[in-house]
Amino acid sequence: MVKITALQKRYGQGAVILDDINLEFEKGEFVSLIGPSGCGKSTLLKLIASLSPVTSGSLVVDGMTPENAREEMAFIFQEPTLLPWRTVTRNIELPLEVLHTKWDKREEICARTRKLVGLDHVPDHYPRQLSGGMKMRVSIARALSLSPKILLLDEPFGALDEMTRDRLNEQLLAIREQQKFTAFFVTHSVAEAVFLSSRIIVLAANPGRVYQDIRVPFAYPRSAETRESPEYQRCVAEVTKVLRAVNPDHP
Ligand SMILES: Nc1ncnc2c1ncn2[C@@H]1O[C@H](COP(=O)(O)OP(=O)(O)OP(=O)(O)O)[C@@H](O)[C@H]1O
Ligand SMILES: [Mg+2]
């Protein structure tokens, strides 16, 4: 689904941000990117999403250049970035409106994705009437309304409290059981990365490069109970150790 070969990235004439990245991802993988601040995690997502150009090397998304694969991807940022004057429903349907999707189809998709994220009871609420977790669910629904093959998420739950984050993690996996997308997820939380991912890429900084490519050994579906399993806890401990090796500041 995504193939990265000898990729290098600089912004303008600046320093090398990502150097000699070689990675290949299959359809349906859930990939987390972790590593110290500034190592280039967001940059890598932006390159895949074609929000910034590759400097050298190659990046192929579903057999195409990232630019040509744009319609297959949706991006979720840390801030939900909802329009305050639009209701939950009207925020979710925004991308479809931009694409001039017919209104009956729009209604149908919107109702389905709203239900998928558990916001069926507040279709007409405005963002100011929603909790942080609910706003993020609107943002997820808005991205899913495009039925992306690839979902790119840059620390989407970083600003939420731990319980809300755990619940959203479970919901995200449940949604993925229904809408089979390939996910690229940036986080600073090892526990979150292990819970969600089939694979974790640990990046080192200066320049950003792949330090370790870790397969998470347990199967889907995963649930709240997964967090209690010794297997999960062992994996969190192992990945934490790897992250500490590239980031001495990591707790
Ligand atoms: N648009 C830009 N122009 C110039 N330099 C940039 C730009 N965006 C990012 N950088 C630089 O690229 C490096 C990597 O930034 P990036 O945002 O990808 O890191 P990150 O791993 O996502 O960090 P964090 O964990 O803090 O979000 C940083 O040194 C940053 O200053
Ligand atoms: Mg970042």
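When a ligand or atom number is given, it counts from 1 through the structure's own listing order.
When every heavy atom of R142 is checked against every heavy atom of L82, the shortest pair comes out as NH1-CD2, 3.8 Å.
Distance check for atom 31 (O) of ligand 1: every protein heavy atom is found at 4.0 Å or beyond.
Ligand 1 places these atoms under 4.0 Å from at least one heavy atom of H188: 25 (O). Listed by atom number, the atoms of ligand 1 under 4.0 Å from E155 heavy atoms are 27 (O). Listed by number with element, the atoms of ligand 1 under 4.0 angstrom from any heavy atom of T43 are 14 (C), 15 (O), 16 (P), 18 (O).
For the atom pair NZ (K135) and CG (N91), the distance works out to 11.0 Å, reported to the nearest 0.5 Å. Separating the CD1 atom in I92 from the OG1 atom in T113 is a distance of 5.0 Å, to the nearest 0.5 Å.
The environment of E162 atom CD is sparse: at most 12 non-hydrogen atoms of other residues, nucleotides or ligands sit within 6.0 angstrom.
The Mg ion (ligand 2) has no N, O or S atom of T43 under 2.8 Å away, backbone or side chain.
In summary, of the residues considered (I150, D62, V31, V60), a side chain to side chain contact (heavy atoms under 4.5 Å, CB included) with V2 occurs for I150 alone.
Compare A15, G35, G40 by their heavy atoms: the one nearest to atom 19 (O) of ligand 1 is in G40. The nearest non-hydrogen atom to atom 13 (C) of ligand 1, considering only L18, L33, I17, V186, comes from I17.
Ranking protein heavy atoms by distance to atom 17 (O) of ligand 1, first place goes to S42 CB, 3.7 Å. Given atom 23 (O) of ligand 1, the protein heavy atom at minimum distance is G38 N, 2.8 Å. Here the heavy atom of the protein found nearest to atom 24 (P) of ligand 1 is S37 OG, 3.7 Å. Looking only at protein heavy atoms, the nearest one to atom 9 (C) of ligand 1 is Y11 CE1, 3.4 Å.
Cation-pi contact between R176 and Y220: present, with separation from the ring centre below 6.0 Å and deviation from the ring axis of at most 45°. Taking the centre and axis of the six-membered ring of F195, the NZ or CZ atom of R227 falls inside the cone set by 45° and 6.0 Å.
Heavy-atom separations between G14 and ligand 1 are all 4.0 Å or longer.
Taking the six-membered ring where tryptophan is involved, the planes of F157 and F185 are tilted, since the angle between them lies from 30° to 60°.
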